[in-house]
Amino acid sequence: MSYQPPVRDHAFLLRDVLEIEKYANLPGFEDAAIDVVDQIIQEAGRFTAEVLAPLNAVGDKQGCTWNPDHTVTTPKGFKEAYAQLVAGGWPALGADTAYGGQGLPHVVNLSFSEMSSSANMAFSMYPGLTHGAYSAILNGGSQAQKDLYLPHLASGNWGGTMNLTEPHCGTDLGLLRTKAVAQADGSYRISGTKIWISGGEHDMAENIVHLVLARIEGAPEGVRGISLFIVPKFLPDADGKPGARNPVFCDGLEEKMGIHGNATCVIRHEESTGWLVGEENRGLALMFVMMNEARIGVGLQGIAQAEAAYQAAAAFAKDRLQGRSLTGPKNPDGPADPIIVHPDVRRMLMDSRAVIEAGRAFLFWTALQGDLAHASPDEAVRQKGNDYMALMTPVVKGFLTDKGLKVCSDALQIHGGSGFTEHFPASQYMRDVRIALIYEGTNGVQALDLVGRKLAANGGRAVMGFFAELDAFVAANQDDPALKPFTEGLADAKAKLQEGTMWLMQNGLMNPDNAGAASTDYMHLFGLTALAYMWALIAKTCQAKIAAGDTDPFYATKLTIGRYYMQRVLPDTTGHLAKLTSGSELMMALPAEAF
């Protein structure tokens, strides 16, 4: 079975759980009437299923081809699909109307992005990175830069990348060596080599705009001396069209475990012409605009690949005949029962679905906070939105990709030996999703960011606000017997998360290794609690539908999966709390040479 976009699930979240129509008075939301959003989601489902999904295996098997003239040819069908993507206006969904975009809320754009990534992760990265470049220039560029570059990036006619990593430096960008030399005309000459540049060269867009981190001559060492530059593949001419070739060269492609359809390039800047974005030595702050957007996008990749892998596993489990049900044959006329009758197969499918559906809700809910941070006229709402975006981003990225890998692993396990072959799609989902745990700061770095920076920011205002929100939900709904499994589970998880937070505050400052040792377990404790809150919101919505007389089994199914999450997944909070409060002593006890 090929990937089928979960259109109904997306519409349910946007319309019924998040109720985006109640924000219709805000900029961007006024054009997001629910009937319009429904049409967008339906068409997104059609496009991703019919155009992108059939190319997923093609991209995996063919990969990209590097040519001696430093160009890259994408897999068969990618170029034509990209032309359809641009013609359909999909890259412009969330872009500013001032630059040719449709100006819709990011949460709506996220719906399309998830379907696109499920259908074809390698392909979807090209427009995803382009939107990141668009956002960085929108936030930090001069008006002239915005006018020149943003319409092309918003439409997708031009691609975009971010050039950070160098052969000797990854996460520690303070070590970068790429240099920028000022020219008399206000431009800079950029020299240096960047590696692992996704979409760094390809044949689908008429130009590629690289956003490059470099150090201006005489700048301070470390991260305080990093500036950001726009370096286009083709220099725009007087009419803003691609002109002379800039000396930016793809020197090769990485041989990778997965995402073969995306060109991961070694990019050499040979005194290429670039223009400073924003102020000198302030480049990292601007690049973080792009990186934070990318971190949400990477969390989305975890859920997207999990969804596709789950669908493949569920279809296989209903079709594969092996053994008999423990409670008697369920397919008595056949030689064996389908493996979906076996409890352990059900365990993996239910674990997967419980995480995917709440994880998607968490992703959308977080994106909505970001939309409100930008659009609301209420300062308190904007502050809360900004607080939540900062606090939740490392959880979205780290927790959802860890869980996405687990779902893909379970999907392969359900396929058995077939999953380890390339005749079924499970292997590709497993290989493709693995990079998401590394992208944009490894998950260990995300966990450190959460406990080291985000918890303490503004005196802990964000996490205390989140605790208060959870307490308020429990207090408002604890007398509803239908919601009892959800309110009790959420209250227990919140108490554990609060205990873990207090332990970190007391022990992390005393010994920073304690914070480091606890960070990943704390991130998972936080993620499990956040998903419990999402299931509580979903359950309340479904219960209201049922109470109003709606007999659609969709709602009863949701409640069953939600109760399963509370009963079988949420208890993992106990183990994470026990581990994070055990401290760092034994973890750090052995000398390095003992390893």
Side-chain angles (χ1 to χ4, degrees), residues 9 12-13 16-18 303 306 343 346-366 388 391-392 395-396 398-400 402-403 406-407 410 450 463-503 521-547 554-581:
D9 233 53
F12 167 70
L13 287 175
D16 299 320
V17 179
L18 299 180
I303 289 297
R346 288 290 188 103
R347 171 187 64 81
M348 290 183 279
L349 289 173
M350 288 293 283
D351 280 358
S352 298
R353 194 162 171 183
V355 166
I356 291 166
E357 294 186 13
R360 176 182 294 120
F362 182 42
L363 187 71
F364 284 21
W365 177 84
T366 301
Y388 276 11
L391 179 66
M392 303 300 172
V395 184
V396 165
F399 178 74
L400 293 186
D402 274 352
K403 289 300 185 184
K406 178 63 164 61
V407 171
D410 281 349
L450 175 64
V463 72
M464 295 307 172
F466 185 56
F467 289 159
E469 182 167 337
L470 301 188
D471 287 340
F473 181 91
V474 171
N477 296 283
Q478 61 186 355
D479 294 333
D480 185 340
L483 294 179
K484 188 175 181 181
F486 300 94
T487 52
E488 288 186 348
L490 178 58
D492 181 69
K494 181 261 173 181
K496 289 184 171 68
L497 180 60
Q498 191 163 25
E499 182 181 342
T501 304
M502 296 306 295
W503 187 91
D521 284 296
Y522 182 81
M523 180 180 71
H524 276 261
L525 176 55
F526 202 120
L528 289 164
T529 304
L531 265 58
Y533 183 37
M534 295 303 108
W535 270 122
L537 294 174
I538 291 168
K540 184 176 174 66
T541 303
C542 292
Q543 202 60 51
K545 293 282 188 183
I546 293 169
F554 177 89
Y555 304 112
T557 299
K558 287 282 185 196
L559 289 171
T560 298
I561 299 167
R563 287 194 294 269
Y564 178 92
Y565 177 88
M566 295 294 174
Q567 185 180 88
R568 298 275 306 192
V569 180
L570 194 58
D572 287 350
T573 53
T574 300
H576 287 299
L577 178 63
K579 287 190 286 185
L580 82 86
T581 55

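What you see below is based on every heavy atom in this structure, not just the backbone, and it leaves out hydrogens, waters and symmetry mates.
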Discussion item. Determine whether Tyr565 and Glu357 satisfy the following criterion, side chain to side chain donor-acceptor pair (under 3.5 Å), listing intermediate values before the conclusion.
Written reply: CA-CA 10 Å; Tyr565 177 88; Glu357 294 186 13; over 6 Å; no
Practice prompt. Kindly determine whether Asp402 and His524 satisfy side chain to side chain donor-acceptor pair (under 3.5 Å), including the steps that lead there.
Written response: CA-CA 9 Å; Asp402 274 352; His524 276 261; 2.8 Å; yes
Once you round to the nearest 0.5 Å, how far does [atom1] of [X] lie from [atom2] of [Y]?
X: Thr573; Y: Leu580; atom1: OG1; atom2: CG; value: 11.0 Å
X: Arg360; Y: Ile538; atom1: CZ; atom2: CD1; value: 9.5 Å
X: Leu537; Y: Asp16; atom1: CG; atom2: CG; value: 12.5 Å

Worksheet item: Does Trp365 reach the main-chain N or O of Val17 with its side chain, forming a donor-acceptor pair under 3.5 Å?
Response: no
Worksheet item: Between the main-chain N or O of Ala544 and the side-chain N or O of Tyr555, is there a donor-acceptor pair closer than 3.5 Å?
Response: no
I need the minimum non-hydrogen distance between [X] and [Y], along with the two atoms involved.
X: Gln498; Y: Phe467; result: CA-CZ, 3.7 Å
X: Val395; Y: Phe362; result: CG1-CE2, 3.9 Å
X: His576; Y: Leu528; result: CD2-CD1, 3.7 Å
X: Leu490; Y: Ala536; result: CD2-CB, 4.3 Å
X: Ala354; Y: Trp535; result: O-NE1, 2.9 Å
X: Ala306; Y: Ile356; result: O-CD1, 3.5 Å

Fill in: Steps toward side chain to side chain contact (heavy atoms under 4.5 Å, CB included) verdict (Glu469, Tyr388)
CA-CA 11 Å; Glu469 182 167 337; Tyr388 276 11; 2.7 Å; yes
Worksheet item: Are any non-hydrogen side-chain atoms of Lys494 and Phe466 less than 4.5 angstrom apart?
Response: no
Worksheet entry | Full working for side chain to side chain contact (heavy atoms under 4.5 Å, CB included) between Thr529 and Lys496 | CA-CA 9 Å; Thr529 304; Lys496 289 184 171 68; over 6 Å; no
